[in-house]
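For the single chain, residues carry numbers from 1 onward in sequence order.
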Amino acid sequence: MFGRDPWGGPLEISNADSATDDDRSRDLDRAALMRQLDETQQSWLLAGPGDQAGKKKKKYVDLGCVVLDRKIFMWTVGTILGLGVFIGFVMMIVKLVPHKRPPPPPPDQYTQALHKALMFFNAQRSGPLPKHNGVSWRGNSCMKDGLSDSTVRQSLVGGFYDAGDAIKFNYPMAWSMTMLSWSVIEYKAKYEAIGELDHIKELIKWGTDYILKTFNSSADTIDRIVAQVGVGDTSKGSSQPNDHYCWMRPEDIDYKRPVTECHSCSDLASEMAAALAAASIVFKDSKTYSDKLVKGAKALYKFGRLQRGRYSPNGSDQAIFYNSTSYWDEFVWGGAWMYFATGNNSYLTIATAPGMAKHAGAYWFGSPNYGVFTWDDKLPGAQVLLSRLRLFLSPGYPYEEILRTFHNQTDNVMCSYLPLFNSFNFTKGGLIQLNHGGPQPLQYAVNAAFLASLYSDYLEAADTPGWYCGPNFYTTEVLRKFARSQLDYILGKNPQKMSYVVGFGNKYPKRPHHRGASIPHNGVKYGCKGGFKWRETKKANPNVLVGAMVAGPDRHDGFKDVRTNYNYTEPTLAANAGLVAALISIADIPTGRYSIDKNTIFSAIPPMFPTPPPPPSAWKP
């Protein structure tokens with residue numbers, strides 16, 4: 001039987017087909033569905049009831065970009081979470097369980113020596129000592145200084161003893177505080193890294209607190225300052241007890257200690273101003289104290305400028321022990337520090353005045369002492385300090401000409417420190433003879449080492465690899481090599497194979513010329529002459545004067561560890577200040593890209609807008 005196919009073809013209907021109409025309708029529906037479904041879905045539909053009973057329908061997770069089997073997805077997420085928990089547990093155990101860390105590298109010899117060098121200042125303290133002073137054989141001393149002098153009647157308690165005696169010489173003491181402050185301003189991060197920042201700031205404040213007592217620090221204008229407390233001259237044959245005639249512990253002193261004042265002492269006043277000005281930068285975060293220091297520095301510098309004269313007249317105690325040869329270098333040095341402390345251009349104008357530089361000896365190139373930085377001659381330090389200003393701020397006109405001159409002169413001074421230029425002799429052991437073979441050479445060597453090391457840091461911070469000596473170029477490492485050579489000599493690399501810093505190394509002087517260190521701390525009071533037996537004995541000092549740099553060897557590298565010869569064995573405040581500055585400058589203490597702090601010293605200086613130079617004069621035919 002045939003019928004008409006509505007789609008245009010024959011449709012055969014077989015009589016043999018026993019399918020019902022319902023079966024045929026079900027087949028047609030299934031065919032229509034199969035055309036729209038994919039193969040997997042078709043397999044589901046075509047499967048019979050028996051097939052479906054044996055299989056569970058799979059579930060999927062659609063992540064947008066990919067479709068995943070739900071079981072696989074859940075297994076993966078669970079694995080990641082489990083792994084995270086495991087790692088966290090392991091990290092927690094690592095943190096909680098104590099374990100050994102590799103120790104930091106040991107400090108270099110310069111850092112080790114620095115810790116000890118600072119302790120010398122603790123041993124030199126006068127007045128009521130703090131409980132944490134750390135020198136067991138020292139105690140309160142000279143608690144009536146100033147008050148017992150009928151002409152002064154003011155407290156001058158405190159400060160530091162100068163050397164192996166108990167005199168307080170304000171001239172070298174002020175310079176020592178300036179040097180310590182300078183080293184902190186430049187290398188604060190280093191001091192902090194080795195845990196000595198609070199210590200050295202405390203020492204500086206001990207000195208500046210005393211300096212503020214030596215004049216009317218609350219006034220804007222003063223007419224006198226204290227030059228020293230105590231007397232040391234024994235040349236006139238007097239048997240009157242004083243700080244050199246007697247050999248006593250400072251704690252046992254019972255004789256009168258006269259106070260020396262001065263009314264025209266430009267050198268002392270300007271150095272004291274420098275000390276207070278530099279310290280004001282160190283303590284700039286303590287505004288009240290910093291302002292107090294600045295106020296005192298202004299009064300002192302003004303006094304020094306108005307009342308001209310040297311603090312050490314001929315025949316005076318000051319002239320015998322710490323004679324000042326000029327006050328012009330202090331005007332430059334003090335003016336530079338006053339400018340950095342206040343930002344007032346009037347101080348920079350003074351410091352850079354051509355006439356001032358001339359009087360200070362800036363052009364005395366043939367002088368045998370040119371470039372020798374000491375407590376008496378501050379010009380080399382001032383030249384380095386003002387070269388810093390030119391390198392980093394470059395104030396321009398009208399200061400540029402003299403600043404360039406100072407910069408060139410600093411280059412020449414650095415050249416003079418190098419052995420190949422023969423400006424100064426060196427011992428066979430390698431110690432520079434800046435005092436031309438005279439006694440007590442180490443104090444000069446450490447000052448030169450500090451300037452050389454510091455200047456090399458200035459150049460590097462200014463992205464300058466070196467400097468010229470004539471046509472020859474030398475790298476900054478040459479300066480550091482010189483500085484290290486001098487410090488290495490002092491710390492034991494010398495023909496004596498001896499460290500000249502007490503308490504450092506295996507071999508060091510055992511008999512420093514020092515009253516407090518040489519007399520036993522046993523509760524027995526020894527009078528003016530009672531301590532002489534301890535001065536004359538050949539036994540080692542009963543008290544170790546840790547960190548004291550002794551005067552040093554002679555020009556042949558010879559040294560005598562004899563207490564009675566101060567030219568070999570006496571330490572001084574000024575010498576140790578230079579030692580501390582040199583050690584911190586050369587010590588290998590990582591603190592960042594640059595060793596120095598480039599900006600703190602300029603914190604009081606307002607933004608610079610250099611005045612343009614005047615136009616050239618009109619051309620005339």
Side-chain angles (χ1 to χ4, degrees), residues 182 186 329 332-333 336 352 354 357-358 360-374 377-392 394 399-437 441-442 444-490 555 578 581-582 585-586 594-596 598:
W182 192 5
E186 302 289 5
D329 55 310
V332 179
W333 170 251
T352 58
K358 180 180 179 181
Y363 305 101
W364 300 349
F365 301 114
S367 169
N369 295 320
Y370 191 85
V372 181
F373 185 37
T374 71
D377 187 358
K378 285 88 175 188
L379 180 64
Q383 290 169 324
V384 171
L385 196 59
L386 291 170
S387 296
R388 185 195 214 282
L389 178 65
R390 182 173 187 259
L391 282 168
F392 299 129
S394 189
Y399 313 108
E400 170 60 22
E401 184 176 354
I402 190 65
L403 290 179
R404 183 175 64 248
T405 298
F406 283 154
H407 193 171
N408 292 336
Q409 290 170 344
T410 296
D411 285 346
N412 292 336
V413 169
M414 297 301 140
C415 298
S416 73
Y417 293 160
L418 305 183
L420 60 95
F421 289 99
N422 297 318
S423 298
F424 299 99
N425 293 326
F426 286 74
T427 67
K428 290 182 178 180
L431 180 66
I432 191 170
Q433 296 289 285
L434 291 164
N435 62 336
H436 310 288
L442 298 187
Y444 307 100
V446 292
N447 294 341
F450 171 61
L451 291 188
S453 178
L454 178 63
Y455 190 56
S456 72
D457 286 336
Y458 286 174
L459 294 177
E460 286 203 350
D463 296 324
T464 304
W467 87 109
Y468 280 93
C469 294
N472 300 318
F473 182 81
Y474 296 91
T475 66
T476 54
E477 181 56 29
V478 173
L479 288 176
R480 288 199 182 92
K481 183 179 179 181
F482 163 75
R484 281 193 294 266
S485 71
Q486 299 308 296
L487 291 174
D488 289 348
Y489 183 101
I490 292 168
R555 60 180 178 174
S585 70
I586 206 67
Y594 302 120
S595 295
I596 61 165
K598 291 176 63 175

For this session: Take Phe421 and Ser416 through the side chain to side chain contact (heavy atoms under 4.5 Å, CB included) test and state the conclusion after the steps.
Result: CA-CA 6 Å; Phe421 289 99; Ser416 73; over 6 Å; no
For this session: Before giving the answer on side chain to side chain contact (heavy atoms under 4.5 Å, CB included), spell out for Met414 and Val384 the whole-Å C-alpha distance, their side-chain angles and the decisive distance to 0.1 Å.
Result: CA-CA 10 Å; Met414 297 301 140; Val384 171; 4.2 Å; yes
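Counting non-hydrogen atoms of other residues, nucleotides and ligands closer than 6.0 Å to CD of Glu401 gives a total of 12 or fewer. Atom CZ of Arg555 has 12 or fewer heavy atoms from other residues, nucleotides or ligands within 6.0 Å.
Using modelled atom types and a 3.5 Å distance limit, the side chains of Glu186 and Tyr458 yield a donor-acceptor pair. Side-chain N/O atoms of Ser585 and Ser453 include a donor and acceptor closer than 3.5 Å.
Arg480 places a side-chain heavy atom less than 4.5 Å from the side chain of Ile586. Proximity of Phe450 to Gln486: side-chain heavy atoms (C-beta onward) are nowhere separated by under 4.5 Å. The shortest side-chain heavy-atom distance between Leu479 and Tyr417 does not fall under the 4.5 Å cut-off.
One N or O on the side chain of His436 and one on the backbone of Pro368 form a donor-acceptor pair closer than 3.5 Å. The main-chain N or O of Lys598 is found under 3.5 Å from a side-chain atom of Arg388 such that the two form a donor-acceptor pair.
For the pairing with Tyr474, the ring-ring contact (aromatic ring centres under 6.0 Å, His included) check across Phe482, Tyr468, Trp467 returns one residue only, Trp467.
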